[in-house]
Amino acid sequence: MIYKRSSALFVEAQTVIPGGVNSPVRAFKSVGGDPIFVKEAKGAYLYDEDGRTLIDYINSWGPMILGHAYQPVVDAVVSKAQKGTSFGMPTEIETDIARLAIEMVPGIDKIRFVNSGTEACMSAIRLARGFTNREKIIKFSGCYHGHSDSFLIQAGSGAVTFGTPNSPGVTEGTAKDTLLADYNNLDQIEALFNANPNEIAAIIVEPVAGNMGCIPPKNGFLEGLRSLCDQHNTLLIFDEVMTGFRLAKGGVQELKNVKADIVTFGKVIGGGLPVGAFAARDEIMNHLAPLGPVYQAGTLSGNPLAMAAGLAMLTEINTDKDLFKRLEEKTAYLHKGIELALNRHGVVHTINRVGSMISVHFAEEEVVDFKTAALGDNDTFKKFFHGLLAEGIYIAPSAYETWFITDALTYEDLDTTINAVQKVASTL
Ligand SMILES: *Cc1c(COP(=O)(O)O)cnc(C)c1O
């Protein structure tokens, strides 16, 4: 048994932490087996508690776009820590990172920092409701916006994996204010507007979906949402927690040239520390307390360590002119290699990719929404996952997840990965 120590640690963890994990997808429920405990990581590699080295395609679910323990980020955090870790008072670095984010992202005048993507999306919804004086929101099946009540109506990712799309504990009262549509389906949105005139505060969408595998918006989908929102005085919220600072400096707004009214961030913006943020033009952001009536707060919001990590990260992304091109090229190379390997062994599959987000679906049909993502063969995925793991390649332990490509990956790492896929494909 290779994972003796990890399994022993998991047994211990389960005695004091529900399911042994602090976030459900980590528990390997959908692929079987015990989760791997990580000891440390550097660049593109994880070093686990059993002494193995793994090539990492999760990268903390997105944040480590430049690789683990990236030196400028580590240095920024260490030097800040020596000067005190939290004050509950304003600090200059909060303005510095806010200014940089506003410079990088189109259409935002002000930004507020919180501690997670969940908090960012939850706050964005409250702000949209406060601004429009309306109560209902629309979300798309399979899009994930964190675990706040309004979104656990039929979430993707963890909730799907666990077969509890409607979590107990979410009240009927909350559920009735969240309307659902299929991703890439504008007709359903139009129907929802017609059935709920002047009632919809906001549409929240992953502008490139990443929590049911990677699903690109069809041509005209985001533009269609924009124009329907304009027509109905509804705010369009782009949840760029995953895509922000990953697909382009300015996220999907820049990539697809479609403007959102409110944008949420997480993951990359914190450089691996717990950070989320939401941003909009002045007219909307000025509704927030203490300027306006919409309440939102946080004891550790704008925490100096988190801001230092985030600022170091965004500074690197902002100054590295070729970063997104390099990431795109590496991911395209991997895409091509995996495709050839799977084809050679006649493994039915569909690969979706946008920039440095890529997902392999064991399904014949094009994957365009949650329903088509759910057609993937989970038994094949399990074999694929465990086969790759045995070869030292660590992908997300769920068929509904995207692989996150980091700039720390070398072409040699990519070739190692493609060879592993080739080997595993022959057993599928
Ligand atoms: C990860 C994610 C969230 C939730 O962020 P947390 O930091 O895990 O709370 C929200 N939206 C999207 C699109 C995400 O990928």
Side-chain angles (χ1 to χ4, degrees), residues 30-31 43-46 52-59 61-62 65 67 208-219 242-243 246-247 255 322-369 372-428:
S30 79
V31 290
Y45 311 118
L46 296 169
R52 291 186 83 208
T53 301
L54 304 170
I55 301 180
D56 186 12
Y57 285 97
I58 304 183
N59 285 291
W61 305 90
I65 192 169
V208 168
N211 284 287
M212 41 185 167
C214 170
I215 301 188
K218 284 186 177 165
N219 281 339
M242 189 181 283
T243 54
R246 168 166 287 279
L247 296 183
L255 193 71
D322 295 323
L323 173 66
F324 294 106
K325 186 167 165 277
R326 279 200 311 276
L327 282 168
E328 161 94 38
E329 285 168 0
K330 286 179 185 179
T331 316
Y333 183 86
L334 185 68
H335 182 165
K336 200 171 153 211
I338 294 174
E339 192 154 56
L340 279 172
L342 293 177
N343 281 340
R344 191 164 302 149
H345 294 282
V347 180
V348 171
H349 71 280
T350 301
I351 297 176
N352 281 359
R353 180 176 68 85
V354 178
S356 57
M357 291 162 58
I358 181 168
S359 56
V360 181
H361 303 261
F362 295 104
E364 197 144 28
E365 248 185 273
E366 200 189 348
V367 175
V368 296
D369 57 14
T372 44
L375 293 175
D377 181 344
N378 205 47
D379 286 334
T380 306
F381 179 80
K382 281 187 205 174
K383 285 186 210 147
F384 186 65
F385 171 84
H386 284 292
L388 286 181
L389 185 55
E391 296 296 319
I393 311 296
Y394 192 57
I395 65 169
S398 158
Y400 290 99
E401 304 293 348
T402 297
W403 306 24
F404 299 101
I405 304 309
T406 161
D407 194 42
L409 284 161
T410 62
Y411 279 88
E412 202 184 330
D413 296 326
L414 297 174
D415 284 334
T416 303
T417 306
I418 291 163
N419 289 335
V421 170
Q422 173 88 12
K423 195 165 159 191
V424 174
S426 71
T427 68
L428 295 177

I'd like a table of donor-acceptor pairs (distance under 3.5 Å, sequence neighbours excluded) in which one partner is a side-chain atom from residues 419-428, with atom names and distances.
unit_1	atom_1	unit_2	atom_2	d
Asn419	ND2	Asp415	O	3.3
Gln422	OE1	Arg344	NH1	3.2
Lys423	NZ	Glu391	OE2	3.0
Ser426	OG	Lys423	O	2.6
Thr427	OG1	Val424	O	2.6

How close do [X] and [Y] get, heavy atom to heavy atom, and via which atoms?
X	Y	value
Ala408	Gly43	CB-C, 3.6 Å
Thr331	Ser356	OG1-CA, 3.4 Å
Leu247	Val354	CD2-O, 3.4 Å

Practice prompt. Using atom types as modelled and distance alone, determine if a side-chain donor or acceptor of Thr350 lies under 3.5 Å from a backbone N or O of Ala363.
Written response: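 Yes; judged by distance alone, with no hydrogens or angles, the pair exists.
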Worksheet item: Is there a donor-acceptor pair under 3.5 Å between the side chain of Thr406 and the backbone N or O of Leu409?
Response: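 Judged by distance alone, no pair lies under 3.5 Å.
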Which residues pass the side chain to side chain donor-acceptor pair (under 3.5 Å) test with [X], not counting sequence neighbours?
X	value
Glu328	Arg353
Thr416	none
Lys330	Asp407
Asn352	none

Give every donor-acceptor pair under 3.5 Å between a side-chain atom in residues 373-381 and any protein atom, sequence neighbours left out.
unit_1	atom_1	unit_2	atom_2	d
Asp377	OD1	Asp379	N	2.9
Asp377	OD1	Thr380	N	3.3
Asp377	OD2	Thr380	OG1	2.9

Under 4.5 Å between any side-chain heavy atoms of [X] and [Y], yes or no?
X	Y	value
Ile215	Val367	yes
Thr243	Met357	yes
Phe384	Ile395	yes
Ile55	Tyr45	yes
Ile351	Ser359	no

Worksheet item: Of all residues at least two apart in sequence or in a different chain, which pass the ring pair (Phe, Tyr, Trp, His ring centres under 6.0 Å) check with Phe385?
Response: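 Applying ring pair (Phe, Tyr, Trp, His ring centres under 6.0 Å) to Phe385 gives Phe28.
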Discussion item. Lys325: which residues meet the salt bridge (charged side-chain N to carboxylate O under 4.0 Å, His left out) condition with it, sequence neighbours left out?
Written reply: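 Lys325 satisfies salt bridge (charged side-chain N to carboxylate O under 4.0 Å, His left out) with Glu329 only.
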Practice prompt. For residues 403-428, pull every pair meeting ring pair (Phe, Tyr, Trp, His ring centres under 6.0 Å), keeping only residues two or more places apart or in separate chains.
Written response: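 Every pair satisfying ring pair (Phe, Tyr, Trp, His ring centres under 6.0 Å) with a residue in residues 403-428: Tyr57-Trp403, Tyr333-Tyr411.
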Discussion item. By the ring pair (Phe, Tyr, Trp, His ring centres under 6.0 Å) test, which pairs, at least two apart or in different chains, include something from residues 335-356?
Written reply: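 Checked against ring pair (Phe, Tyr, Trp, His ring centres under 6.0 Å) - neighbours excluded - no pair reaches residues 335-356.
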Worksheet item: Taking only residues two or more places apart in sequence, or in another chain, which ones meet Phe324 in a side chain to side chain contact (heavy atoms under 4.5 Å, CB included)?
Response: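 By the side chain to side chain contact (heavy atoms under 4.5 Å, CB included) rule, Phe324 matches Lys249, Ile317, Leu327.
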Item to complete: List in chain and number order the residues that pass side chain to side chain contact (heavy atoms under 4.5 Å, CB included) with Asn219, two or more places apart in sequence or in another chain; answer none if no residue qualifies.
Response: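 Per chain and number, Asn219 pairs via side chain to side chain contact (heavy atoms under 4.5 Å, CB included) with no residue.
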Straight-line distance of [X] [atom1] to [Y] [atom2], nearest 0.5 Å:
X	Y	atom1	atom2	value
Leu340	Ile418	CG	CD1	8.5 Å
Ile58	Ser398	CD1	OG	10.0 Å
Asp369	Met212	CG	CE	7.0 Å
Thr402	Asn211	OG1	CG	7.0 Å
Glu412	Thr417	CD	OG1	10.5 Å

